[in-house]
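Working notes, beginning with the structure itself.
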Amino acid sequence: MSFPKLPSRSENFAEWYNQLVLRAELADYAPVRGCMVIRPYGWALWENIQRALDKRFKATGHQNAAFPLLIPLSFFEKEKEHVEGFAPELAVVTHGGGKKLEEPLAVRPTSETIIGYMWSKWIRSYRDLPQLLNQWANVVRWELRTKLFLRTLEFYWQEGHTAHATRAEAEEETLRMLRVYEDFAVNEAAIPVVPGRKSESEKFAGAVTTYTIEAMMGDKRALQAATSHFLGQNFAKAFEIRYLDQNNQLQYVWTTSWGLSTRFIGAIIMVHGDDQGLRLPPRLAPIQVVVVPIWKSGDDEARILEAARNVRDRIASIVYREQPIRVHLDDRDNVTPGFKFNDWELRGVPVRVELGPRDLAAGTVTLARRDKPGKEGKQTVDMDALPEVLPRLLDDIHEGLYQQARAFLEANLHEPKTYEELKAVVRDGWALAWWCGSADCEARIKADTTATNRCIPLEQPEGQGTCIVCGRPAQVKAIFARAY
RNA sequence: CGGGGCGUAGCUCAGCCCGGAUAGAGCGCACGGUUCGGGUCCGUGAGGUCGGCGGUUCAAAUCCGCCCGCCCCGACCA
């Protein structure tokens, strides 16, 4: 009997990714081109991402709000760069209630404009500042080429929007939220990232400065995992967001915006997944522990199932990082344990608990960790030891996944000394190289290699060098890589 | 929008070139039995507007035309 194997990552990464998303039941294609349905397992993962982020947003003083999906089209024309960046990918509603609308409405691609408009009504005084808002929302961008989670016409995200009295405060906020994303990526998703600044040509349409965390996928391509923008006074001036300062002087506010989308799920898949399937980071996994009972005959079945239920209940009472462990008992009687093992490995559950007659007799369970294959990842422990063992094991797996991803990133982050070397390394890795800052040199690299300037890492070496493309003096090193 | 691939059962596909009778297979699904410590095995069964429209023909999944959709690669992008 042959079961369709997932294509291996090395042989066809794109196909591995697509099939994994579908077979793990994270998502499915919708009837409209480029749209996807996020299925319960995928949405549960998103909910855990939401919880982890939302907690951090609240802790840094932000409040959630909800702004409308429909935005007057004219709003997009108020900020020059913003309109240039977004006009080509706007979905526009022209009819409503059977009639042509007087003014077309854009389906929001992002909410700077509508929030800017509202702020212009709400903000009068320095006492009204700062505004620290976030919203969890869906947005629509009419992308030409789509891919599950990574780029769909409609996607879910959070978008933070803040307004401040001073430039310094807004810049501080921008970097604070970048660090929040970094902390989330590392400590919740076990994904190492490079925080950096985007070049002029790569920055957000309407931003003064865009910061990013870049992550390396399993095929060594780069993914912008989250962004944080310092918007200066661009939107303040476009929407007349002004306040009176302590000296009764009228001032424009300084704004920021920052976002992380369901694309991040794509990052989790591509960073941690292996040829068996998903490997979900324990702190975000919808199911952290799955219990698989193993029985021999009819008699045994009832006895073992009962014991398995007890084990499940005991695990559900264990607290890991302030929450009960998310445990599932796989009591299906129409598939064999071997089938279940493969099934849960495909779905990326971090820990499997096996309970069979041998275990039951000995008062033990067998633990198998998803991040280590076969026997290496298996251990037998006393049932009573679970409250102590499981939280530690989940932490271990988190750390194991992180270290593995980090080693991969470091091994594939090259520092070419010549342009020829750069062209060679970006074919299968990242290049960190001196860059003079000119768009021409960036464009040349892109034309020659398809690799783009991912970011200028915040962490920079001492001194200066010469641009790897043109040889002129360079103050910064930048990362060039092929990207999603 | 350019290049490529594809549309036949829930899924993966065969059949099409060379037209012919109730359109097939494997997997999945339902039922019965068997098995269960790494994707059990056997049996029975349900399941199809052959992407759509039009044309050619005695006859179209098969030939011709138009249309629609999806996937992959490129340009654009979270």
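Atom set for the values below is all heavy atoms of this structure, side chains included, hydrogens, waters and symmetry mates excluded. Reminder, nothing fancy here: chain letters follow the sequence lines and each chain counts from 1.
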So for Thr336(A) and G38(B), does any side-chain atom that can act as donor or acceptor lie under 3.5 Å from a complementary atom in the base?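 Under the 3.5 Å cut-off, the side chain and the base do not form any donor-acceptor pair.
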Quick one: the side chain of Asp359(A) and the base of G37(B), do they pair up donor-acceptor inside 3.5 Å?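 A donor-acceptor contact between them is present.
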State whether the number of non-hydrogen atoms from other residues, nucleotides or ligands found under 6.0 Å of [X] atom [atom1] is greater than 12.
X	atom1	result
Gln379(A)	CD	yes
Glu77(A)	CD	yes
Glu84(A)	CD	yes

Can you check the distance between [N] and [M], where both ends of the measurement are the [atom1] atom (answer in whole Å)?
N	M	atom1	answer
C66(B)	U56(B)	C1'	15 Å
G15(B)	A25(B)	C1'	11 Å
G5(B)	C13(B)	C1'	15 Å
U34(B)	C72(B)	P	46 Å
U8(B)	G48(B)	C1'	8 Å
A14(B)	C63(B)	P	14 Å
C36(B)	C41(B)	P	13 Å
A23(B)	G47(B)	P	14 Å

His272(A) side chain vs Ala189(A) backbone, donor-acceptor pair below 3.5 Å: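 Checking the backbone N and O of Ala189(A) against the side chain of His272(A), a donor-acceptor pair under 3.5 Å is found.
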Classify the nucleic acid contact of [X] as base, sugar-phosphate or nothing, counting any heavy atom under 4.0 Å across all strands shown.
X	value
Glu15(A)	nothing
Gly259(A)	nothing
Arg352(A)	base
Tyr29(A)	sugar-phosphate
Leu150(A)	base
Pro88(A)	nothing
Ser261(A)	base
Thr262(A)	nothing

Output the rounded distance in Å from [atom1] ([X]) to [atom2] ([N]).
X	N	atom1	atom2	answer
Trp142(A)	A75(B)	CH2	P	22 Å
Ile304(A)	U35(B)	CD1	C1'	14 Å
Leu20(A)	C71(B)	CG	C1'	17 Å
Trp258(A)	A78(B)	CH2	P	18 Å
Lys296(A)	G38(B)	NZ	C1'	13 Å
Glu214(A)	A78(B)	CD	P	10 Å
Leu367(A)	G38(B)	CG	C1'	17 Å
Arg482(A)	G74(B)	CZ	C1'	12 Å

Nearest to the side chain of [X], which nucleotide is it out of [options]?
X	options	result
Asn18(A)	C72(B), U40(B), A78(B)	C72(B)
Gln224(A)	A78(B), G37(B), G38(B)	A78(B)
Trp295(A)	A78(B), C36(B), C71(B)	C36(B)
Glu143(A)	A75(B), C36(B), C76(B)	C76(B)
Glu354(A)	G37(B), C76(B), G39(B)	G37(B)
Ile294(A)	G39(B), C36(B), C72(B)	C36(B)
Ala14(A)	C73(B), G37(B), G38(B)	C73(B)

Under a 3.5 Å cut-off for both contacts, is [N] paired Watson-Crick or G-U wobble with anything, and if yes, with which nucleotide?
N	answer
G65(B)	C53(B)
G38(B)	none
G43(B)	C31(B)
C11(B)	G26(B)
C1(B)	G74(B)

For Arg263(A) and for Thr146(A), find the nucleotide of RNA chain B with the closest heavy atom, then tell me which residue's nucleotide is more 5'.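 Comparing both residues, the 5'-ward one is Thr146(A).
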Identify, between Lys378(A) and Phe155(A), the residue whose nearest nucleotide on RNA chain B lies closer to the 5' end.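 The residue whose closest nucleotide sits nearer the 5' end is Lys378(A).
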At less than 4.0 Å, is any side-chain N or O atom of Lys446(A) found next to OP1 or OP2 of C76(B)? Yes or no.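 So the side chain of Lys446(A) is within the cut-off, an N or O lying under 4.0 Å from OP1 or OP2 of C76(B).
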Would Arg141(A) pass as a cation-pi partner of Phe155(A), given that its NZ or CZ must be under 6.0 Å from the six-membered ring centre and within 45 degrees of the axis?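 No, Arg141(A) and Phe155(A) do not form such a contact.
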Which residue, Glu112(A), His161(A), His229(A), forms the side chain to side chain donor-acceptor pair (under 3.5 Å) with Ser257(A)?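 Filter result, single survivor: Glu112(A).
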Just to verify, which of Phe75(A), Phe67(A), Phe76(A) counts as forming a ring pair (Phe, Tyr, Trp, His ring centres under 6.0 Å) with Tyr117(A)?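 Going through the options one by one, the only one that passes is Phe75(A).
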When you check the gap from the basic side-chain N to the acidic O, do Lys58(A) and Asp54(A) get nearer than 4.0 Å?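 Salt bridge between Lys58(A) and Asp54(A), a charged N being under 4.0 Å from a carboxylate O: yes.
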Could you walk me through whether Phe149(A) and Tyr17(A) satisfy the ring-ring contact (aromatic ring centres under 6.0 Å, His included) test, starting with their C-alpha distance in whole Å, then the side-chain angles of each, then the deciding distance to 0.1 Å, before giving a yes or no? CA-CA 10 Å; Phe149(A) 286 116; Tyr17(A) 177 85; 7.5 Å; no
